[in-house]
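For reference, the structure is listed below as structure tokens.
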Amino acid sequence: MPVEEYAYILDYLPQGVPSAGFGKKEPVCYAIGEMEFKLFELVAKSNAVVSIGERTFIGKDSETQKRDIIDHVKRRITYNDLTSNAISELEFVVTDIVKNDQTRFIDFINKAEAISMRKHSLEELPGLGKKSLNIILDERKKGSFKDFDDLAARTGIKAPEKLVVARILLEIEDPDRKHYLFISR
């Protein structure tokens with residue numbers, strides 16, 4: 001099972017979680033992993049400068065000392081555990097992740113297959129109907145898409161990365177989905 005190596009900061013609470021009681025308050029970050037989109041509560045180092053939207057190392061660092069901002073991963077959390085600030089940052093951060101790793105998501109579009117006789121996995125992308133699906137499948141036969149710009153130019157779909165981002169957000173928000181395309185559960 002792969003482990004998240006990097007995460008993006010969604011919110012930072014330098015005084016800790018308000019509901020934590022009267023015990024020792026530790027600086028807390030809410031973050032999303034860049035590979036499996038797992039949500040985390042992280043404990044920041046006391047002297048760290050933390051920026052919202054920043055990519056930071058959270059993996060194991062026995063000898064490399066890569067962890068310059070995060071002391072340790074406190075726990076995995078769900079969408080409902082996020083602060084309102086973290087929720088408002090989520091779409092921006094997921095968009096950054098998708099745009100920064102276009103190859104991964106274009107690869108999904110190039111290789112996606114049917115889920116059943118009546119439904120294709122690409123139809124799970126919000127806003128993508130049968131007509132757009134057929135255009136994508138026809139264009140795929142002519143050659144793989146190189147990036148989102150190539151996909152948009154060849155299919156007429158404006159901002160195709162937004163379809164991927166919308167699907168990732170749906171999967172994060174709803175833990176009871178029937179199919180997961182991008183999130184590991």
4.5 Å side-chain heavy-atom contact, K38 and R76 = yes
So, does E123 use its side chain to make a donor-acceptor pair with the main chain of H120 at under 3.5 Å?
-> yes
Taking the side chain as C-beta and beyond, is there a heavy-atom pair between P126 and L163 under 4.5 Å?
-> no
Report yes or no: does E26 contribute a side-chain atom to a donor-acceptor pair with the main-chain N or O of Q15 at less than 3.5 Å?
-> no
Heavy-atom pair with the smallest gap, counting every atom of L10 and I52 = O-CG2, 3.6 Å
ILVMFWY network linking Y12 to I87, side-chain heavy atoms under 4.5 angstrom | no
NZ (K119) with more than 12 external heavy atoms under 6.0 Å = yes
Side chain of E4, backbone of E36: donor and acceptor closer than 3.5 Å?
-> yes
Atom NZ of K130 and atom CZ of R118: how far apart are they, to the nearest 0.5 Å?
-> 9.5 Å
Mark yes or no for whether T83, through its side chain, and A86, through its backbone, hold a donor-acceptor pair below 3.5 Å.
-> yes
Any donor-acceptor pair under 3.5 Å linking the side chain of R167 with the backbone of L122?
-> no
Minimum side-chain heavy-atom gap I32-F40 below 4.5 Å = no
Enter the distance from K131:NZ to L128:CG here, rounded to the nearest 0.5 Å.
-> 12.5 Å
Looking only at atom types and distance, does a side-chain atom of E171 sit under 3.5 Å from a main-chain N or O of F182, one as donor and one as acceptor?
-> yes
Please check if the side chain of N100 supplies one atom and the backbone of D96 the other of a donor-acceptor pair under 3.5 Å.
-> yes
Working for side chain to side chain contact (heavy atoms under 4.5 Å, CB included), residues F37 and I97 = CA-CA 10 Å; F37 300 101; I97 293 170; 3.8 Å; yes
Sidechain-backbone polar pair: S121 side chain, I115 backbone, donor-acceptor under 3.5 Å = no
When every non-hydrogen atom of A44 is compared with those of C29, the smallest separation belongs to CB-SG, 3.9 Å
Closest non-hydrogen atoms of V28 and E41, given as atom of the first, atom of the second and distance, are CG1-CG, 3.4 Å
Would D68 and F57 satisfy side chain to side chain contact (heavy atoms under 4.5 Å, CB included), going step by step from the backbone distance to the final call?
-> CA-CA 8 Å; D68 52 350; F57 185 78; 5.6 Å; no
Close side-chain approach of T56 and Y8, heavy atoms under 4.5 Å = no
Under 4.5 Å between side-chain heavy atoms, hopping through other hydrophobics if needed: is there a path connecting V98 to L39?
-> yes
Answer with yes or no whether the hydrophobic clustering places I106 together with L137; edges join I, L, V, M, F, W, Y residues whose side-chain heavy atoms lie under 4.5 Å apart.
-> yes
Compute whether any side-chain donor of one residue and acceptor of the other, for T78 and D81, lie under 3.5 angstrom apart.
-> yes
Atom CG in L169, atom CG in D174: separation rounded to 0.5 Å?
-> 12.5 Å
Would you say F148 and L181 are hydrophobically clustered, going by side-chain heavy atoms of ILVMFWY under 4.5 Å?
-> yes
Is there a salt bridge (Lys or Arg N to Asp or Glu O under 4.0 Å) between K142 and D138 once you walk through the steps?
-> CA-CA 7 Å; K142 298 174 187 174; D138 288 343; over 6 Å; no
Could you tell me whether a side-chain N or O of R140 sits under 3.5 Å from a main-chain N or O of I109, the two making a donor and an acceptor?
-> yes
Taking the side chain as every heavy atom from C-beta outward, state whether N85 and Y30 have any atom pair closer than 4.5 Å.
-> no
Is there a side-chain contact between E91 and V165, using heavy atoms and a 4.5 Å cut-off?
-> yes
Does the pair E5 and M35 meet the rule for a side chain to side chain contact (heavy atoms under 4.5 Å, CB included), with working shown?
-> CA-CA 8 Å; E5 292 280 315; M35 293 308 295; over 6 Å; no
May I ask whether L125 and I157 are part of the same hydrophobic cluster, defined by side-chain heavy atoms of I, L, V, M, F, W, Y residues being less than 4.5 angstrom apart, directly or through others?
-> yes
Given side chains that start at C-beta, do those of F145 and I136 come closer than 4.5 Å, heavy atoms only?
-> yes
May I ask you to test the I9-V93 pair for a side-chain heavy-atom distance under 4.5 Å?
-> no
